[in-house]
Amino acid sequence: MDNKTIYYRPLPPKPATLLILERGKPVRIVSLSGSMSIGRESNDFMNDISLKSGIVSRNHGEFVYDDNGANYYYRDNNSLNGTFYNGVKLEKLNERGSKAVKLNDGDILRIDCDNLVNPRSDAVVLLYSTKFAMGETWHRYSLYDKTQVNIGRNIENGISLTDFMASRQHAVLERYQNMWYITDSGSVNGLAVNKNIIQGRCPLNIFDVINIANTTLIYLGNEIIYNEVHLNIQKQDYSNRSVVMGVNIDEVRFGNKALLRNINLDIESGDFILILGGSGAGKTTFIKAVMGEIKANTSGQILFENLDLYKNFKMLKHKIGFVPQFPTTRVNDTVYNTIMDAAYVKLAGEYSKKEIKERVEGVNERMMLTSLKNNLVGTLSGGQFKRLEVALQAIGDQKVFILDEPDSGMDYATRVDLMGNLKSCTETGDVVMVITHSPDDAATLFTKVIVLAKSKTDEVGHLAYYGDVQNAYKFFGVNKLSEIVLEINYEGGKGRADEFIEKYERTRRG
């Protein structure tokens, strides 16, 4: 057993891609698969990733995969023209190259001259992402001989987006003299440029990255390139997961009191996550921080598909759904009509009847409710009923669903049915996170376990474990998930919280 990794065994590299832009050449997506070299195409020097630009050195840089933290890093190999990382040139560290920088979703690597506002014609941009798919369709829209371009969902004139969460008139591009600007047209979900949400008119520089809902657009001076977005209703291959959310919480406070500290973990597509914790460990605080509800009291960063949740809350708040413990759903209507009513409430005004109907049918299929759509809500099993509650949230494009004790008051059979139904919601890549006091009923269904424990040293909740279920048993020396709480609790338990907090921190650091 490998004690140097969080999961206690070597894991295959996490999937990640590079979107490679060389002006005048086709958009290229390259899959990263562990450590890889990058450099100029040459007959006498072989690289894993080859570029054609003349300003790229033959041995320009390398992507390094750290299987301890499951992260990718980039290092410039003291190349002639260097590499810019999010607009800052990497400095030489030693004779081998620059300091290796950790890559986060949406980070931009650029090979160019020092004046990034006026790039060279043979400049190269590499956009790091965990959400772009191989074979994904990218469109080009020429800005030549134009002064104004509308951007929106299914519009006839301008940049037409397939993204359901884009507004019909989302933004406008306008040229003033030799400069292009982008302005939000009062959209519902906002837009960001280079990860920062914009207010008013924002000037664009070549290679700026624009995010509109699930769509990525890149400004190249004389054109815009953007990806085609569709609602995913297909089961996923979980050998190829991507990071949906990166949680890096330094501290959460309430007034002068700290409630949580040092929570660092990645949540992946298709995860079904159990949240365990002892008394006062901060489970509810953790949920509120992840949802962005207490961002003013939180120091740290929640990254959602490449954007900072706290800085871009308007754009991302609809991505995370909290499913209430006590439902308000009418029991004498059909499943289909119930979802349709919710869709009209949430989407009316911005979407046509046809679009709403298509959305409802897509959500029915995504949440595996199509076969139940004509059933009365009151005839559903406990698990099916909770899956319907998740579907009501999914109407708004939620990708992460959080449930706090959804099985409260249920008998064993109903709890098992519930958890099986919630697990099925993850089969299209969605994430479900659950707090439950009966974790052993569905132990084999959970892909990950988050264990929070309150330290006696500082009276604050810390991360005591994050990993799969089987290794949780080994880590805590128990046979059941419920026994973990007994191990860490100081009141009514063995009081070993600090021991496991320190043990987990040691394994995380390697």
Side-chain angles (χ1 to χ4, degrees), residues 12-22 25 27-39 47-51 53 56 60-67 69-77 79 82-90 97-112 116 119 123-136 138 192-196 205-211 214-220 225-227 229 240-248 266-269 301-309 311-312 316:
K14 287 187 178 180
T17 53
L18 289 176
L19 180 73
I20 301 177
L21 302 174
E22 295 184 84
K25 296 179 176 60
V27 176
R28 186 156 53 118
I29 295 180
V30 172
S31 177
L32 290 178
S33 55
S35 297
M36 299 175 72
S37 62
I38 185 169
N47 284 292
D48 298 304
I49 303 171
S50 295
L51 303 173
S53 173
V56 176
H60 199 99
E62 57 186 315
F63 294 90
V64 181
Y65 184 74
D66 171 26
D67 60 4
N71 294 305
Y72 280 98
Y73 291 77
Y74 175 81
R75 177 174 60 207
D76 184 273
N77 292 336
S79 64
T83 307
F84 291 84
Y85 168 71
N86 292 331
V88 178
K89 195 168 189 177
L90 296 177
S98 71
K99 178 182 178 181
V101 290
K102 180 183 174 182
L103 297 176
N104 295 305
D105 213 8
D107 282 347
I108 300 171
L109 298 171
R110 183 162 163 177
I111 302 169
D112 204 341
L116 298 186
V124 179
V125 165
L126 305 101
L127 179 62
Y128 174 85
S129 176
T130 60
K131 67 176 184 177
F132 295 148
M134 300 297 292
E136 191 167 34
W138 285 80
V193 176
N194 297 332
K195 296 187 178 183
N196 296 309
N205 294 311
I206 293 177
F207 296 125
D208 276 351
V209 178
I210 304 163
N211 289 102
N214 302 297
T215 305
T216 300
L217 306 94
I218 303 172
Y219 170 68
L220 298 180
I225 66 167
Y226 59 100
N227 61 326
V229 175
N240 190 34
R241 293 187 178 191
S242 62
V243 176
V244 174
M245 179 182 285
V247 179
N248 301 285
D266 285 341
I267 295 169
E268 297 175 309
S269 58
Q301 188 180 58
I302 309 291
L303 289 175
F304 198 106
E305 293 184 340
N306 82 359
L307 294 175
D308 188 313
L309 175 66
K311 291 181 180 178
N312 302 285
L316 300 175

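The figures that follow rest on heavy atoms only: side chains count, while hydrogens, waters and symmetry mates do not. For the single chain, residues carry numbers from 1 onward in sequence order. Note that the structure is a prediction, hence the values are computed from the model and not measured.
Of all non-hydrogen atoms in R110 and I206, the two that sit nearest each other are NH1-O, 3.3 Å. Closest approach of S79 to G82, counting heavy atoms only: OG-N, 2.9 Å. Taking each heavy atom of L18 and Y128 in turn, the nearest pair found is CD2-CA, 4.1 Å. Across all their heavy atoms, A123 and F207 have their closest contact at CB-CE1, 4.0 Å. Nearest heavy-atom pair, L90 versus Y85, reported as atom, atom and distance to 0.1 Å: CD2-CB, 3.7 Å. For the pair D112 and P119, the tightest heavy-atom approach, listed with the atom from each and the gap, is OD2-CB, 3.0 Å.
Remark: Y74 pairs with F63 by the ring pair (Phe, Tyr, Trp, His ring centres under 6.0 Å) rule, at least two apart or across chains. Partners of S37 by side chain to side chain contact (heavy atoms under 4.5 Å, CB included), not counting sequence neighbours, listed by chain and number: N47, D48.
Within a 6.0 Å radius of NZ in K99, other residues, nucleotides and ligands contribute 12 heavy atoms or fewer. Surrounding NZ of K89 are more than 12 heavy atoms belonging to other residues, nucleotides or ligands, all under 6.0 Å away.
Panel note: side chain S98, backbone R75; no donor-acceptor pair is recorded below 3.5 Å. When atom types are taken as modelled, the side chain of Y72 and the backbone of G34 share a donor-acceptor pair closer than 3.5 angstrom. A distance-only check finds a donor-acceptor pair linking the side chain of N194 to the backbone of V209 [under 3.5 Å]. For the pair E22 (side chain) and S53 (backbone), a donor-acceptor distance under 3.5 Å is present. Remark: the backbone N or O of S129 is paired with a side-chain donor or acceptor of T17 at under 3.5 angstrom.
With rounding to the nearest 0.5 Å, the separation of CG in D105 from CG in L127 is 8.0 Å. In this structure, I38 CD1 and D76 CG are separated by 10.5 Å, a value rounded to the nearest 0.5 Å. Put simply, CG on L303 and CD1 on I267 are 11.5 Å apart, with the number rounded to the nearest 0.5 Å. The CD1 atom of I225 lies 5.5 Å from the CH2 atom of W138; values are rounded to the nearest 0.5 Å. Interatomic distance, K25 NZ to I20 CD1, rounded to the nearest 0.5 Å: 12.0 Å.
M245 is not listed as a side-chain neighbour of D266, based on a closest heavy-atom distance of 4.5 Å or more. Contact check for L32 versus I49: side-chain heavy atoms found under the 4.5 Å cut-off. Within the 4.5 Å cutoff, side-chain heavy atoms of I218 are placed close to those of L19.
Q301 and N248 are not linked by any side-chain donor-acceptor pair at a separation below 3.5 angstrom, with hydrogens and angles left out of the test. N71 and D66 share no donor-acceptor pair across their side chains, judged by distance under 3.5 Å alone.
Partner K195 forms a side-chain hydrogen bond (donor to acceptor under 3.5 Å, both in side chains) with one of D107, D308, N211 and no other, that one being D107.
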